[in-house]
Amino acid sequence: MKTLIICASRYGSTMEIGHWIAQRLPWNNVDIFRVEKAPEPDKYELIILGGGVYNEQVNKRIVQYVKTHPAGLSEKKIVAFAVCLDTCGVYMKGKFFGGWLYLKPLLEALETCPPVYAGVLSGEINPKTLSDKDRGLLMHFYNKILKRDIDEVPYRTLMNKPEVWKFVEKILVRLKGQF
Ligand SMILES: Cc1cc2nc3c(=O)[nH]c(=O)nc-3n(C[C@H](O)[C@H](O)[C@H](O)COP(=O)(O)O)c2cc1C
């Protein structure tokens, strides 16, 4: 099943997860691209779209890709995923935050060609790779919102290959052996 994996990844974890997905697919004709270099979807049967989450939203570039290729994506098998730290979300003071909400803009863009499967997968934050702007945003989040008292963004990884492979196994079930 000719497959295109497109990853909108600022710091690399979504891209790494894209490669883990490719490893677990039981066929060889899989192409994987960063969204900036992604080809048209027309030649592919299965298109897997993933984006990192920043400030409570999946990477806008993957949403933009969907919006610029409506015809090429229609009638295709599609999978969508987001990569973040808060994969479950939380209910607080009458509102729901995180988890699936992050993926909403991408799922809404795919309204006319709904994915066969979608998920929210665990990523990481590595302070060594952050831009000054993102470091500032995260320091604000930790110290002003979470009321911590820290001098540096902490390294945190939840990257989890078994979780990603389980995600692929669910995709295979949804494809009902038609690959
Ligand atoms: C500026 C910034 C904002 C982030 N905001 C969130 C957030 O709102 N919720 C969350 O769960 N993770 C958040 N994260 C964590 C990222 O989703 C995580 O680092 C992800 O693995 C990034 O993917 P990438 O490495 O492909 O860029 C944020 C990370 C950065 C750098």
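Whatever order the structure lists ligands and atoms in, that order sets their numbers, starting from 1.
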K.L.:
Who pairs with E111 by salt bridge (charged side-chain N to carboxylate O under 4.0 Å, His left out), at least two apart in sequence or on another chain?
P.N.:
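Here no residue qualifies.
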K.L.:
Can you run down the ring-ring contact (aromatic ring centres under 6.0 Å, His included) pairs that involve residues 111-147, sequence neighbours left out, and say none if there aren't any?
P.N.:
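Every ring-ring contact (aromatic ring centres under 6.0 Å, His included) pair that includes a residue of residues 111-147, provided the two are not neighbours, is Y117-F167.
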K.L.:
Hey, which of L110, L106, V79 is the one that makes side-chain contact (heavy atoms from CB on, under 4.5 Å) with P115?
P.N.:
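Answer to the side-chain contact (heavy atoms from CB on, under 4.5 Å) test with P115 among L110, L106, V79: L110.
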K.L.:
Side chains of K161 and Q23: do they bring a donor and an acceptor to under 3.5 Å?
P.N.:
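Short answer, yes.
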K.L.:
Around ligand 1, what residues show up once you keep those with a heavy atom under 4.0 Å from it?
P.N.:
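Around ligand 1, where the cutoff is 4.0 Å for heavy atoms, the contacting residues are S9, R10, Y11, G12, S13, T14, G52, V53, Y54, N55, E56, V83, C84, L85, D86, Y102, G123, E124, I125, L130, D134, L138.
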K.L.:
Just checking, is any N or O donor in the side chain of T3 or E45 under 3.5 Å from an acceptor N or O on the other one?
P.N.:
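Looking only at side-chain atoms, E45 and T3 do not form any donor-acceptor pair under 3.5 Å.
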K.L.:
Listing request: all salt bridge (Lys or Arg N to Asp or Glu O under 4.0 Å) pairs with a residue in residues 12-27, at least two apart in sequence or in separate chains.
P.N.:
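Of all non-adjacent pairs touching residues 12-27, those that pass salt bridge (Lys or Arg N to Asp or Glu O under 4.0 Å) are R24-E169.
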